[in-house]
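Only this structure's heavy atoms are used, side chains among them; waters, hydrogens and symmetry mates stay out. We count ligands from 1, going down the list as the structure has it; atoms in each ligand are counted the same way.
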Amino acid sequence: MKTLISASILNADFTDLGKQIQTAEKAGVDWLHLDIMDGHFVPNISFGPHIASLCRKMTSLPIDTHLMISNPDQFIEAFSEAGSNYISVHIEGNPHIHRTLQIIHKMNRKAGIVVNPGTPIQSIYSVLPIVDFVLIMTVNPGFGGQSFIPETLEKIRDLSAKIENEHLDVMIEVDGGITNETLPLVKNAGANILVVGSFIFNNPDGIEQAVKTLKG
Ligand code: DX5
Ligand code: ZN
């Protein structure tokens with residue numbers, strides 16, 4: 001499977017968002033990653049469906065929406081209508097996660113389950129047959145620009161082995177602290193989709209060069 005780069009705009013320059021997205025698209029990123037935070041599920045607030053729909057107008061890339069919000073069921077329709085192709089929800093604090101994933105599929109969107117660094121990977125195994133991808137957080141969610149947590153590599157390896165043994169059609173996405181240095185580690189562990197935020201949008205060498213470095 002080809003390794004995909006999903007560019008997270010969380011730390012992009014929002015005064016020039018359209019241009020930043022288009023530069024990343026031209027440079028060759030594969031997906032656009034939207035981090036939705038409500039100040040409750042995580043200690044930060046980002047943006048909502050309105051900005052997501054503006055992003056939809058600015059790019060033809062698949063949009064990968066990562067919901068870090070309490071009661072995600074309430075917002076799945078809005079983000080789906082805003083143009084998300086992939087929608088992921090956390091296992092933590094959701095007693096009806098199976099239903100939440102069904103709602104995403106009912107909207108005809110690809111569904112992902114997310115696990116925080118402190119959550120065992122086995123906790124998502126019961127919903128593995130009904131997801132299109134698993135997002136393994138490689139930092140604690142809430143902020144861009146944090147350092148990669150190396151203990152998460154074992155989870156990627158365990159999940160990758162399980163998917164292979166059971167011949168499941170599930171992709172593995174990783175999110176947080178991915179740079180040119182951590183990229184080979186997660187890739188070798190079995191990750192297929194790499195979310196990259198600050199390494200692309202806050203790179204002193206610029207967006208284009210950053211993507212080139214990652215792809216090279
Ligand atoms: C963290 C977000 C990530 C983050 C990635 O809560 O889910 O998508 O913005 O940014 P970097 O690549 O800077 O860790
Ligand atoms: Zn994210």
Near the Zn ion (ligand 2), meaning under 2.8 Å, the protein N/O/S atoms are H33 NE2, D35 OD1, H66 ND1, D175 OD2

Spell out, yes or no, whether I193 and F201 are grouped together once hydrophobic residues are joined by side-chain heavy atoms under 4.5 Å, including indirect joins.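 As far as the 4.5 Å side-chain criterion goes, F201 and I193 are not connected within one cluster.
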
Quiz prompt | Sequence neighbours excluded - salt bridge (charged side-chain N to carboxylate O under 4.0 Å, His left out) pairs with any residue from residues 156-170 | solution =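 Every salt bridge (charged side-chain N to carboxylate O under 4.0 Å, His left out) pair that includes a residue of residues 156-170, provided the two are not neighbours, is K162-E166.
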
Report task. Starting from the C-alpha separation in whole Å, work towards a yes-or-no answer on side-chain hydrogen bond (donor to acceptor under 3.5 Å, both in side chains) for S60 and E25. Result -> CA-CA 9 Å; S60 54; E25 180 170 3; 3.0 Å; yes

Output for ligand 1, non-hydrogen cut-off under 4.0 Å, lists S8, L10, H33, D35, M37, H66, M68, M137, P141, G142, F143, G144, G145, D175, G176, G177, V195, V196, G197, S198

Of the options D35, V196, I178, L34, which is the one that meets S8 in a side-chain contact (heavy atoms from CB on, under 4.5 Å)?
->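 Of all the options given, the one that passes is D35.
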
| task | Just say parallel, tilted or perpendicular for the rings of H90 and H66, cut-offs at 30° and 60°. | result |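 H90 vs H66 ring planes: parallel.
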
When R56, K110, R109 are each screened for side-chain hydrogen bond (donor to acceptor under 3.5 Å, both in side chains) with N85, the one that passes is R56

Do NZ/NE/NH1/NH2 and the carboxylate oxygens of K215 and D30 come within less than 4.0 Å?
-> yes

TODO: Not counting sequence neighbours, which residues clear side chain to side chain contact (heavy atoms under 4.5 Å, CB included) with S147? List them please.
DONE: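 By the side chain to side chain contact (heavy atoms under 4.5 Å, CB included) rule, S147 matches no residue at all.
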
Here the gap from T65 atom OG1 to I76 atom CD1, rounded to the nearest 0.5 Å, amounts to 11.0 Å

